[in-house]
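Notes to accompany the following structure.
In what follows, residues are counted from 1 in the order of the sequence shown.
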Amino acid sequence: MSSEGLDIIAYDIGHRSDLLDLAIRAWIPVFPRMKADVPSFVYDSFYPDGWEMRQYAELAAVLDLEPENVDIAVLEDEPVGWVCTRLHPEDSMGEVYLIVVNPSRQGMSVGRALLERAYERARTAGMRMIMVETGDDSGHGPARALYESDGFVRWPVARYFKELQSGQ
């Protein structure tokens, strides 16, 4: 797949370090805004050692455990984004599990090209639909805008947290 010099290629372990670095850079503007929007006891429970450590570990697990589901957007031989597409045949559904775009390339159709690759994977596998999940905090606003502009329909989900005190 090629669009204005952008190629979508299959993941190769040689890209691992670059993709992990790229993902951490992509989330630098997201997490401080998320932290401001969610209760501190929730944020601190999810990220006791900082968001970077948890994100890095989760992203590394995706690359190491399901490399066959990962595609990379490359521009001038440089990775500028990546996507992990999971399949859920029991629901006839593909899932954009993870999508990353270099902050300097956001708004330049890289994310849309990666979504198209995910759609292609799901269609080829015979899936009827595709879903993506993201936060409702202000840090994830650009991601929601991309998904909604590409025709995703929001499923109303509410997730609640309550801090437990000793003796409660």
Side-chain angles (χ1 to χ4, degrees), residues 1-35 46-47 49-89 92-153:
M1 175 185 205
S2 223
S3 173
E4 297 183 40
L6 183 72
D7 292 314
I8 305 295
I9 64 171
Y11 171 69
D12 177 274
I13 195 162
H15 289 108
R16 185 180 188 275
S17 179
D18 289 340
L19 297 186
L20 290 171
D21 291 343
L22 173 61
I24 295 301
R25 280 187 287 127
W27 274 296
I28 286 173
V30 174
F31 277 89
R33 294 175 72 188
M34 180 198 318
K35 184 176 184 176
F46 279 99
Y47 309 108
D49 299 316
W51 69 266
E52 295 95 336
M53 287 189 67
R54 180 167 179 164
Q55 278 302 101
Y56 190 92
E58 290 180 4
L59 297 164
V62 167
L63 294 175
D64 296 343
L65 301 176
E66 52 186 304
E68 70 282 0
N69 296 335
V70 176
D71 294 290
I72 307 169
V74 178
L75 186 61
E76 298 172 4
D77 296 324
E78 176 188 343
V80 292
W82 57 287
V83 63
C84 174
T85 309
R86 291 181 172 169
L87 301 176
H88 302 280
S92 192
M93 179 179 74
E95 175 187 6
V96 178
Y97 179 69
L98 174 69
I99 187 167
V100 175
V101 176
N102 185 325
S104 70
R105 299 292 181 174
Q106 290 176 3
M108 303 172 107
S109 300
V110 174
R112 200 165 305 281
L114 289 167
L115 286 176
E116 286 297 327
R117 177 61 182 127
Y119 304 160
E120 180 184 321
R121 277 181 172 270
R123 268 195 228 73
T124 300
M127 301 297 108
R128 274 189 68 216
M129 64 181 160
I130 194 155
M131 67 88 79
V132 64
E133 208 173 291
T134 193
D136 197 31
D137 56 272
S138 60
H140 287 91
R144 288 191 310 278
L146 170 64
Y147 306 142
E148 291 169 13
S149 73
D150 213 39
F152 280 86
V153 178

Review point. So His140 and Phe31, would you call those rings parallel, tilted or perpendicular, with 30° and 60° as cut-offs?
Key: perpendicular
Exercise for review: Count the heavy atoms of every other residue, nucleotide or ligand shown that sit under 6.0 Å from CD of Glu76, and state whether that count exceeds 12.
Suggested key: no
Contact between [X] and [Y] at the side-chain level, heavy atoms closer than 4.5 Å - yes or no?
X      : Y      : result
His15  : Ile9   : yes
Ser104 : Arg25  : no
Asn102 : Glu78  : yes
Trp27  : Trp51  : yes
Arg128 : Met93  : no
Leu98  : Leu59  : yes
Ile99  : Leu115 : yes
Val153 : Tyr147 : no

Practice item. Return yes if a side-chain donor-acceptor contact under 3.5 Å exists between Arg112 and Ser149, otherwise no. Key: yes
Exercise for review: Verify the distance criterion only: is there a donor paired with an acceptor across the side chains of Asp21 and Tyr56 at less than 3.5 Å?
Suggested key: no
Roughly how far, to the nearest 0.5 Å, is the [atom2] atom of [Y] from the [atom1] atom of [X]?
X      : Y      : atom1 : atom2 : value
Cys84  : Glu68  : SG    : CD    : 8.5 Å
Glu58  : Leu20  : CD    : CG    : 12.0 Å
Met129 : His88  : CE    : NE2   : 10.0 Å
Ile130 : Phe152 : CD1   : CZ    : 5.5 Å
Asp71  : Leu114 : CG    : CG    : 8.0 Å
Leu87  : Glu95  : CG    : CD    : 9.5 Å

Specify the closest pair of heavy atoms between [X] and [Y], including all atoms of both residues, with the distance to one decimal.
X      : Y      : value
Leu75  : Gly5   : CD1-O, 3.3 Å
Pro29  : Ala26  : CD-O, 3.4 Å
Leu22  : Pro79  : CD2-O, 4.0 Å
Val100 : Ala23  : CG1-CA, 3.6 Å
Val83  : Ala118 : CG2-CB, 4.4 Å
Ser92  : Gly126 : OG-O, 3.8 Å

Is it true that [X] and [Y] have a side-chain N and a carboxylate O under 4.0 angstrom from each other?
X      : Y      : answer
Asp64  : Arg16  : yes
Arg144 : Glu148 : no
Arg123 : Glu120 : no

Check your understanding: Just by modelled atom types, is the Val96 backbone N or O under 3.5 Å from a matching donor or acceptor in the Arg86 side chain?
Key -> no
Exercise for review: Spell out, as yes or no, whether a donor-acceptor pair under 3.5 Å connects the side chain of Trp82 to the backbone of Val70.
Suggested key: no
